[in-house]
Amino acid sequence: MTDTTAPHDVYRPDLVEAKWQARWAERHTNEPDLDGAARPFYNLMMFPYPSAEGLHVGNMYAFTGSDVYGRFKRLQGYDVFEPLGYDAFGIHSENYAIKVGVHPAELIPRNIANFRRQLTRIGLMADWRHELSTTDPAYYKWTQWLFLQLFKAGKAYKKKAAVNWCPNDKTVLANEQVIDGHCERCGAQVEQRFLEQWFFRITDYAARLLANLDDRSKMDWSATTTTAQRNWIGRSEGAELAFATDAGPLTVFTTRPDTVFGATFMVLAPEHPLVPALTSDAQRAAVEAYRAQAAAQDLVSRKVGDKAKTGVFTGGFAVNPATGTRIPVWIADYVLMEYGTGAIMAVPAHDERDFAFATQYALPIVRVVAGPDQAADTPLAGAYVELEGARLVNSAQFDGMAPADARRAITEWLAARGAGALRVQYRLYDWCISRQRYWGPPIPIIYCDACGAVPVPEQDLPVVLPPIDDFRPDDSGISPLARHEEWYYVPCPRCGATARRETDVSDTFLDSAWYHLRYPSTEFADRPFDPARTRRWCPVTTYIGGNEHAVLHLLYSRFIAMVLHDLGHLDFEEPFARFRAHGLIVKDGAKMSKSRGNVVVPDEYIAKWGADAFRMYLMFLGPYEEGGDFRDAGINGIRRFLDKVWQLVGQAAQAAPGDEVTKAVVAKWHRTKKKVAEDVEALGYNTAIAALMEMLNVLRDGHVVERTIAEEFVVCLAPFAPHFAEECWERLGHETSVFDARFPGWDPALLVDEVVELVVQVNGKTRGKVSVARDAAEAAAVAAARAEPGIARFLEGQAVRKVVHVPNRLLNIVVAPA
RNA sequence: GCGAACGUGGCGGAACCGGCAGACGCGCAGGACUUAGGAUCCUGUCCCGCAAGGGGUCCGGGUUCGACUCCCGGCGUUCGCACCA
């Protein structure tokens, strides 16, 4: 080392960061008073799934952004609670455990220890007293309790449902595990099976879940997230219409009752219960073959959009309630049993799918809507779906009506004849929470031959997941737990007879749907969440997380909170008062994933540059809510910045009290403080950092370093570079944490300089600038501009037509030849 | 197909309510200090032009004294949802 600067002027993140992490732990710096906090602020980040690979840069980005915000709130005087935990149950862990041949119960604690090390290293303001893992019986006891509350309230039920089944791995697959109709792991063709599954009645809450999205008093969320939820819930207004058949009335849902006169055939989902009754003897063999083929398909490829339409005529007929015509009934897999009534009236003239189907099978097409310049018999090249200026044709007394008016009129007309009703339909399905796997909380139900499905009594919770070695799923289609008789057979809690446990475990999303309620109350063994604690800290003040959870996790959490509210356990129904979606950090344009081999591990960067430089660099990459591509070019710039601040603090620490700075520097500083505070509040971290860099450049430009400014500067920097700021703060003579300081205020009177530069334009083109006194009048500004030769030459021989004066900013002189 | 976001130097990005386009950083170029520099410091860095000046925010129109910003029409990228009746 031949460094010529004094040793104390070299900033050493390797020593400083460890020092402060130890001190924060010793001094309980990050632990708010959960029972007495006067200004509670619950700052939540999405807890990670503790993978074997450790946290990647994307995780760090998410956590750091949330931590910056939490630390900023702390500096504003809030009692910030920033807990962390692990979403450690689930199929990821289990599959990985199977792959490496180590039991997940052994693997997970190892991974958690590594995560905790990384999370500590990056310098999060985490309250480790309240760390939790969803795999801890003390946690999932209450996940099971939650299930029981829903069960008792009639919000949990069991029904047969289609699942993806891999005949080779002999297991149920999630939709994401099916690639092109094949198992992602073994490549075998996936089939459909019908299994008994537990569901939660989230559809009962569809209307409320949707309505609250617009209620700012309950939830202030990123627009991208509310939009995603709105689409997911998928509200459609339409009508339910009844078509008479020999097998009884056949009900359909349609958003276009105005086109009922054009319904020339009907299509049922292959699984529709009325299919056997409608099928003629002549068609029975073909219908059965088609149904079998549909059942053999996996759920994913069944729903792929562009594939050719297929179907079979059942031989049965229905009567169009509007026209009285007999129309054929078909089955086709483009009609889904899960949506609407599982049956449609097909209007080929005005629906693209029906048009394709009718063309394929030479079914009649009748136009009932015509465009502004079309006759009732203008031939159709495809489905006519335009509504603008359209009117009904071939629709008896409704001819000439606009489709929007006809919807109501026709539905009412049919309703009067007992064949229709207005109805709202949602796209949302009930939430299937059953998993025929091992690594999850056992669903707390006992089956008794005499008593049926009996809930496990609450005092018997938790139903502990037994530590079995053969946790692999097998071909039975039931959970591995069923193979363990000592666990499986249990006395019925109601009658005492030998009964059997439910062997399914619950979905990981149930674990994460209530973790925010547990954090403040982790030390209470006898209740899921303490009422007083919950009242003080919940709902979550600010939740920052990835938009990949915009629908599932965030919607399920809202649903669970709503149910708990209705059952009297919570006095709010929306769990996250404010939610902000951060952007995604990608690498080379693609999402980071192990299979792509583009995962960036943060540890080496942190080791090389320090946690603070790395944190700041991530926050400086671009707008936090947009994310971006990770590259390491430029992290050096942040390090340089910190080194310069370090030197500045060194100068300030030695500055004499009487040293004064110019008014221009003071004004710049007040503008900077204002900008940093406003930008951080809006998650504009990149521009907040840029503002501090700009200020630093001003301070370094030969100005005296005033102690007050240096101290305030360090506080402004603290949310981004907490260890660095602590060390600077100490160096400036403070004995307490910089996070016990207050974020500096600013004086509105000092924001504008006494002399301002005015941009002068002639006919909208910038021709120069002049210095004028602040708030100078227009006449004075024009005079100053005319006095400037470079500007005056453009005014020579010209008549002034108009002057536009924006005080302290711009002067535009509009001229024309005299 | 539907929905949402976006398009600015070599790169990441900035620009409040319509008011100096390119802040801040990276990179690059030149210089200083050095045995050395991949450290540090200084200067420069949208394009054309010696200059005066001109052009410039995906493309084409429009509104305006003035447009990256607003309006109309294209093109392109990214992300959701996707046979939802």
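Each chain gets a letter, A, B and so on, in the order the sequences are listed, and its residues count up from 1.
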(Q) At 4.0 Å (heavy atoms only), tell me whether A:Y617 reaches a base, stays on the sugar-phosphate, or touches nothing. (A) nothing
**Q.** Nucleotide forming a Watson-Crick or wobble pair with B:C11, both distances under 3.5 Å
**A.** B:G25
Q. Does A:E352 or A:G342 map to a spot on RNA chain B nearer the 5' end, using the closest nucleotide for each?
A. A:E352
Q: Show your working on salt bridge (charged side-chain N to carboxylate O under 4.0 Å, His left out) between A:R580 and A:D220 and close with a plain yes or no.
A: CA-CA 9 Å; A:R580 289 292 177 272; A:D220 163 18; 3.2 Å; yes
Q) If you take atom types as modelled and just measure distance, does the side chain of A:R809 reach the base of B:C16 with a donor-acceptor pair under 3.5 Å? A) yes
Q) Of all heavy-atom pairs between A:I544 and A:Y624, which one has the smallest distance, and what is that distance? A) CG2-CE2, 3.8 Å
(Q) If I take atom NE2 in residue A:H805 and atom P in nucleotide B:C65, what distance separates them, rounded to the nearest angstrom? (A) 19 Å
(Q) On the side chain of A:K769, is there an atom forming a donor-acceptor pair with the base of B:C20 - under 3.5 Å, no angle test? (A) yes
**Q.** Donor-acceptor side-chain pairing of A:Y334 and A:D354 below 3.5 angstrom
**A.** yes
Q) Across all strands, who's sitting opposite B:U64 as a Watson-Crick or G-U wobble pair, both distances under 3.5 Å? A) none
For residues 545-557 of chain A, tabulate all N or O donor-acceptor pairs below 3.5 Å that involve a side-chain atom, not counting sequence neighbours.
unit_1: A:N547; atom_1: OD1; unit_2: A:T225; atom_2: OG1; d: 2.9
unit_1: A:N547; atom_1: ND2; unit_2: A:T224; atom_2: OG1; d: 3.2
unit_1: A:H553; atom_1: ND1; unit_2: A:S557; atom_2: OG; d: 3.4
unit_1: A:H553; atom_1: NE2; unit_2: A:Y543; atom_2: OH; d: 2.8
unit_1: A:S557; atom_1: OG; unit_2: A:H553; atom_2: O; d: 2.8

**Q.** Sequence-aligned protein contact record of nucleotides 21-34 of chain B, with B where the base is within under 4.0 Å of a protein heavy atom and S where only the sugar-phosphate is
**A.** S-BBSSS-------
Q | Pairing partner of B:G3 (Watson-Crick or G-U wobble, both distances under 3.5 Å) | A | B:C79
Q. Does A:R700 have a side-chain nitrogen or oxygen under 4.0 Å from the phosphate oxygens OP1 or OP2 of B:C41?
A. yes
Q. Which is true for A:R639 with a 4.0 Å heavy-atom rule: it touches a base, it touches only sugar-phosphate, or it touches nothing?
A. nothing
Q: Indicate, with a heavy-atom threshold strictly under 4.0 Å, whether A:D351 touches base, sugar-phosphate, or nothing.
A: nothing
Q) Considering every strand shown, what is the Watson-Crick or G-U wobble mate of B:C16 when both distances are under 3.5 Å? A) none
Q. Taking the side chain of A:R793 as its heavy atoms from C-beta onward, which of B:G19, B:A52, B:A85 lies nearest to it?
A. B:A52
(Q) Across nucleotides 67-72 of chain B, 5' to 3', mark each nucleotide with B, S or - according to how protein heavy atoms within less than 4.0 Å reach it. (A) ------
Q. OP1 or OP2 of B:C20 sitting under 4.0 Å from any side-chain N/O of A:R767?
A. no
Q: Please lay out, stage by stage, how A:E788 and A:R786 fare under the test salt bridge (charged side-chain N to carboxylate O under 4.0 Å, His left out).
A: CA-CA 5 Å; A:E788 197 69 38; A:R786 284 193 179 280; over 6 Å; no
Q. For the side chain of A:T224, counting heavy atoms from C-beta on, which of B:C65, B:C81, B:A4 is nearest?
A. B:A4
Q) Quick one: are the ring centres of A:W609 and A:Y617 less than 6.0 Å apart? A) no
Q.
I want to verify a distance call: between B:A85, B:C20, B:C65, whose nearest atom is closest to the A:V759 side chain?
A. B:C20
Q: Take A:D629 and A:E757, find for each the nucleotide of RNA chain B with the closest heavy atom, and name the residue whose nucleotide sits nearer the 5' end.
A: A:D629
**Q.** Separation of atom CG in A:L554 from atom P in B:G80, rounded to whole Å
**A.** 15 Å
Q: Determine whether A:F253 and A:L241 make a side-chain contact, defined as any pair of heavy atoms from C-beta on separated by less than 4.5 Å.
A: no
Q) Whole-Å distance between B:C83 C1' and A:Y334 OH? A) 8 Å
